[in-house]
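Chain naming here is simple, since letters A, B, ... match the order of the sequence lines and numbering starts at 1 in each.
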Amino acid sequence: MSDLKEEEIKVFTDAVAHYFGQLTREPAAVRGAYLEREGEATPVYDFSGRIMVTGQYRGSVTLSAPRAMIRHLLVALHETDQSEDNLRDTVGELANTLAGNARKYFGENMEISVPVTAAGAIPGSDTGRDRPYVIMVNWKTYNASLVVDIERAS
Amino acid sequence: MKLLIVDDSNVIRQRIARLAADARLPNMDIVGQARNGAEALLMFQREKPDVVTMDLTMPELGGVEATEQMVALKNDVVILVVSALSDKPTALRALKKGAQGFLYKPFTDDQLVTALQEVVRP
């Protein structure tokens, strides 16, 4: 089970709100954050990006978002190339930014990887814990999920 | 002024390239875009850029190491780190290795243009 405290989860909800607010002047809203229930499927959308966490913490941060949401974000960034590669790249960069921003709170000993991306779910998604935190994000009319599956390394 | 853009994200590279053409950054000529530190060093040796925008978390060779090696090759190169890593020690380490500025992701268009203006100011 992820052993992060509520204030530590808030680091990620704040980061996701800030990301969209900074880039589009329309912050994302957090619709809810919960510990995934046993046997429950993690919400997965069209594209996913994952950052692996090592060092004093271990686990992963995974963002999954629908195609339309990423396309809309690219439009807001004046990006005309909306190829599959760029959509995957964007969701990976978003996950990377959220995890990188979290180091302001967790410190440099939370080491983060380069992003792994996929259309749909990322294969081999089980990082070991039974119940990660799921943060449901809303931006404009779109819903996305941010799964924070981190624990302190012993 | 010759600019090299280094970031493992294609979208970020394209965005910085577009912003480097801003009228507030006259004479900025993009000489290369690299996806990691190793690729960046090859381009750096070939193109000898005056300015580099440098991501930190990249495959093969990270931005702090690439910054250190670029400064060793050309000590007047101006390096602006553009990274999501928001802890203070990482920024200080990059500055210690020779970077002149640090811009946190996510950045607005104006923030990037201003940061580039500041680091290239004579």
Side-chain angles (χ1 to χ4, degrees), chain A residues 11 14-25 27-28 49 51-56 61 70-71 73-117, chain B residues 5-22 33-40 53-66 81-96 102-115:
Chain A
V11 171
D14 288 350
V16 76
H18 173 70
Y19 184 94
F20 284 93
Q22 175 85 330
L23 291 182
T24 70
R25 296 183 183 177
I51 301 297
M52 298 307 297
V53 173
T54 53
Q56 280 185 0
V61 176
I70 306 167
R71 291 179 72 127
L73 178 60
L74 284 175
V75 168
L77 297 174
H78 311 290
E79 177 56 67
T80 53
D81 180 352
Q82 302 213 341
S83 62
E84 293 287 299
D85 283 351
N86 258 16
L87 296 175
R88 276 176 68 156
D89 180 289
T90 301
V91 81
E93 179 62 19
L94 178 43
N96 173 64
T97 302
L98 300 180
N101 288 175
R103 292 209 339 176
K104 188 173 183 179
Y105 179 91
F106 292 99
E108 62 177 331
N109 292 323
M110 185 181 97
E111 293 166 26
I112 65 173
S113 72
V114 295
V116 176
T117 62
Chain B
I5 299 168
V6 187
D7 201 300
D8 61 341
S9 163
N10 183 50
V11 171
I12 295 289
R13 289 196 307 274
Q14 287 177 350
R15 186 164 171 231
I16 293 175
R18 177 175 57 78
L19 294 170
D22 189 282
Q33 297 188 28
R35 293 168 295 183
N36 59 59
E39 198 175 277
T53 64
M54 179 72 77
D55 188 14
L56 292 184
T57 308
M58 294 183 290
E60 293 188 47
L61 183 71
V64 171
E65 295 80 6
V81 173
V82 182
S83 171
L85 298 181
S86 303
D87 59 289
K88 228 177 232 171
T90 298
L92 290 174
R93 194 174 311 120
L95 295 172
K96 234 181 221 172
F102 200 109
L103 177 65
Y104 291 114
K105 294 176 182 175
F107 56 85
T108 64
D109 291 1
D110 277 346
Q111 284 170 339
L112 181 86
V113 171
T114 303

For N10(B) and D89(A), the nearest pair of non-hydrogen atoms, with its separation, is N-OD2, 2.7 Å

D81(A), part contacting chain B, at a heavy-atom distance under 4.5 Å: side chain

Decide yes or no for R103(A) and T90(B): does some side-chain heavy atom of the first lie under 4.5 Å from some side-chain heavy atom of the second? yes

Spacing of CD1 belonging to I112(A) relative to OG1 belonging to T57(B), to within rounding of 0.5 Å: 4.5 Å

Which atoms of Y104(B) approach chain A - backbone, side chain, both or neither, heavy atom under 4.5 Å: neither

Go through the atoms of L94(A) and report whether side chain, backbone, both or neither lie under 4.5 Å from a heavy atom of chain B. neither

Identify which part of L23(A) has an atom lying under 4.5 Å from any heavy atom of chain B, answering side chain, backbone, both or neither. side chain

Rounded distance (nearest 0.5 Å) linking atom CZ of R18(B) with atom CG of L77(A): 7.5 Å

Taking every heavy-atom pair that is under 4.5 Å apart, which of G62(B), S83(B), P106(B) has the most such pairs with chain A? P106(B)

Audit row: D87(B), N109(A), side-chain contact (heavy atoms from CB on, under 4.5 Å) steps and yes/no: CA-CA 10 Å; D87(B) 59 289; N109(A) 292 323; over 6 Å; no

With rounding to the nearest 0.5 Å, note down the distance linking CG in L92(B) to CD in E108(A). 9.5 Å

Around atom CZ of R35(B), are there more than 12 heavy atoms from other residues, nucleotides or ligands closer than 6.0 Å? no

Looking only at heavy atoms, what is the nearest atom pair of N101(A) and S86(B), with distance? ND2-OG, 3.1 Å

Most contacts with chain A, counted as non-hydrogen pairs under 4.5 angstrom, among L56(B), T108(B), D7(B): T108(B)

First locate atom CZ of R15(B), then atom NE2 of H78(A), and finally report the distance between them rounded to the nearest 0.5 Å. 8.0 Å

Please state whether the side chain, the backbone, both or neither of E93(A) comes within less than 4.5 Å of a heavy atom of chain B. side chain

Rounded to the nearest 0.5 angstrom, the CG-CG distance for D55(B) and N96(A) is 6.5 Å

